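Shown next, in structure tokens, is the structure this report addresses.
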Protein chains: 2
Amino acid sequence: MSVDATVTPESWDEQLRESGLRVTAGRRAALEFLDDHPHSSAADILAGLSDDIPSISAQSVHNIVHDLTRHELVRRIDLPDSGSARYETRTHDNHHHVQCVVCGRIEDVDCVVGHAPCLTPDDVHGMTVLTAEITFRGVCPECEPTLRDRDPQY
Amino acid sequence: MSVDATVTPESWDEQLRESGLRVTAGRRAALEFLDDHPHSSAADILAGLSDDIPSISAQSVHNIVHDLTRHELVRRIDLPDSGSARYETRTHDNHHHVQCVVCGRIEDVDCVVGHAPCLTPDDVHGMTVLTAEITFRGVCPECEPTLRDRDPQY
DNA sequence: CTCGTAGTTTTGAGTTCATCAAAATATTGG
DNA sequence: CCAATATTTTGATGAACTCAAAACTACGAG
Ligand SMILES: [Mn+2]
Ligand SMILES: [Mn+2]
Ligand SMILES: [Zn+2]
Ligand SMILES: [Zn+2]
């Protein structure tokens, strides 16, 4: 059983350089944090990085995720509720998400097709469809009892 | 050729009353406006209603769409870009949307299945999937030339 | 028809998330 | 190590939405 070593902690430095971005403590820490905590908000990242980098500011986190998103080292996702944008290091695999309507928990859902667009609808008003962003909404196992309490007919 | 008369302007009043909501000028006007201008934002609605109801406030529009959404007379949609939430009178038909990445134009896309959830992925981490919100992203016919100018390899 | 009450709108303030701009600082090639 | 330029920080600003209380209105009871 061998672990895929294409994404080691140090490789973030390489990926940053390959994108023409300078290697900074904030960017490296943000990438490491997002790899460990997918679907984090800018505020989550700020909180997660403040211990290691006390000087980091909210504005810096926004700058960082913006730059990393633009160079496709991270992916930005905007889920229906969830107030703020979320970020993750899983890019280029066209995966989707399932979100618990009770607790907000977010999990990845592999794309059945594996490439964009994974669906092709009938009538798209003449538009050329590039991607299909899918957000499944449901109830996670932990929240099912909660929901049954509130609405026994479930 | 007969027009479906199930949704006449006056029927908004009935639908409001059936939901236990009082019939007010703002609510009636908002429903009429949204029926004519689907996928409008709260700001769009405010602008569209200000002529007829000069006293209307931004807060009122938020109250109105919130109440109408809660009683399912309108549907709220949150699209990836687009900053603000959008609203429409087409409810209960589980339809989806296609959005032009250049100009932001939004169009309806009928659900192929016709009922939620229209997709059932393999692994959803034990969650019970209720709905699948799909946003197709692409380029509309009007914007294709623009895109070709910027990036000739298209 | 009038009145009273609960529902609704308005007014005003406040929050969160994100952006813009300029000064301070750090990275990196030479 | 230095200079050039990218990045971070600081500070201000904006957009969308929410909260709370006062003013107003729809509508059913009388
Ligand atoms: Mn993901
Ligand atoms: Mn629609
Ligand atoms: Zn849950
Ligand atoms: Zn377009």
Side-chain angles (χ1 to χ4, degrees), chain A residues 10 12-31 33 39-71 73-74 76-87 104, chain B residues 10 12-31 33 39-71 73-74 76-87 104:
Chain A
E10 313 91 73
W12 295 127
D13 292 22
E14 299 168 31
Q15 292 197 49
L16 284 167
R17 270 187 269 267
E18 281 166 19
S19 303
L21 293 171
R22 291 189 179 173
V23 178
T24 68
R27 284 173 176 166
R28 186 161 38 208
L31 285 165
F33 180 82
H39 315 130
S40 295
S41 66
D44 295 334
I45 299 169
L46 177 62
L49 267 55
S50 291
D51 286 331
D52 284 326
I53 310 172
S55 71
I56 197 147
S57 65
Q59 179 64 63
S60 293
V61 174
H62 281 291
N63 290 340
I64 288 169
V65 292
H66 181 261
D67 292 338
L68 296 182
T69 301
R70 189 159 43 85
H71 291 271
L73 270 73
V74 310
R76 173 188 167 130
I77 55 176
D78 297 273
L79 285 85
D81 291 334
S82 112
S84 55
R86 289 166 184 280
Y87 302 88
Chain B
E10 314 91 72
W12 295 127
D13 292 22
E14 298 168 32
Q15 292 197 47
L16 284 168
R17 270 187 269 266
E18 281 166 18
S19 303
L21 292 171
R22 292 191 177 171
V23 178
T24 67
R27 285 175 176 165
R28 186 160 39 209
L31 285 165
F33 181 83
H39 315 133
S40 294
S41 66
D44 294 334
I45 299 169
L46 177 62
L49 268 54
S50 290
D51 287 331
D52 284 327
I53 310 173
S55 71
I56 196 145
S57 64
Q59 179 64 64
S60 293
V61 174
H62 281 291
N63 290 339
I64 288 169
V65 292
H66 180 261
D67 292 339
L68 296 182
T69 301
R70 189 158 45 85
H71 288 82
L73 270 72
V74 311
R76 173 189 166 129
I77 55 176
D78 297 273
L79 284 84
D81 291 337
S82 114
S84 56
R86 288 164 184 283
Y87 302 89

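Keep in mind it's a predicted model, so treat the numbers as computed, not measured. Here is how names work: the chains are called A, B, and so on, in the same order as the sequence lines, proteins then strands, and each is numbered from 1.
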(Q) Side chains of Ser41(B) and Asp44(B): any donor to acceptor distance under 3.5 Å? (A) yes
What is the distance, to the nearest angstrom, from the [atom1] atom on [X] to the [atom2] atom on [N]?
X	N	atom1	atom2	value
Asp13(B)	dA26(D)	CG	P	12 Å
Asn63(A)	dT5(D)	CG	P	20 Å
Glu18(B)	dC27(D)	CD	C1'	17 Å
Leu49(A)	dT7(D)	CG	P	17 Å
Ile64(A)	dT27(C)	CD1	C1'	14 Å
Gln59(A)	dA23(C)	CD	C1'	13 Å
Asp81(B)	dA15(D)	CG	P	18 Å
His66(A)	dA6(D)	NE2	C1'	15 Å

Q) Any salt bridge (charged side-chain N to carboxylate O under 4.0 Å, His left out) pairs touching residues 48-71 of chain B, not counting sequence neighbours? A) Arg27(B)-Asp67(B), Asp67(B)-Arg70(B)
Would you indicate what [X] reaches in the nucleic acid, counting non-hydrogen atoms under 4.0 angstrom: base, sugar-phosphate, or nothing?
X	result
Ala25(A)	nothing
Ser55(B)	sugar-phosphate
Ala85(B)	sugar-phosphate
Thr24(A)	sugar-phosphate

(Q) If I compare all heavy atoms of Val74(B) with all of Val65(B), which pair ends up nearest, and what's the gap? (A) CG2-O, 4.1 Å
Q) For Gly26(B) and Ile64(B), which heavy atoms make the closest approach, and how far apart are they? A) C-CD1, 3.7 Å
Under 4.0 angstrom between [X] side-chain N/O and [N] OP1 or OP2:
X	N	answer
Arg27(A)	dT7(D)	yes
Ser57(A)	dT9(D)	yes
Arg17(A)	dT27(C)	no

(Q) Is there a side-chain contact between Ile77(B) and His39(B) in this structure, where contact means two heavy atoms from C-beta onward sitting under 4.5 Å apart? (A) yes
Q.
Please compare Arg22(B) and Ala58(B) by the position of their nearest nucleotide in DNA chain D and report the one closer to 5'.
A. Ala58(B)
Q | Options dT18(D), dA18(C), dT10(C), nucleotide nearest the side-chain atoms of His62(B) | A | dT18(D)
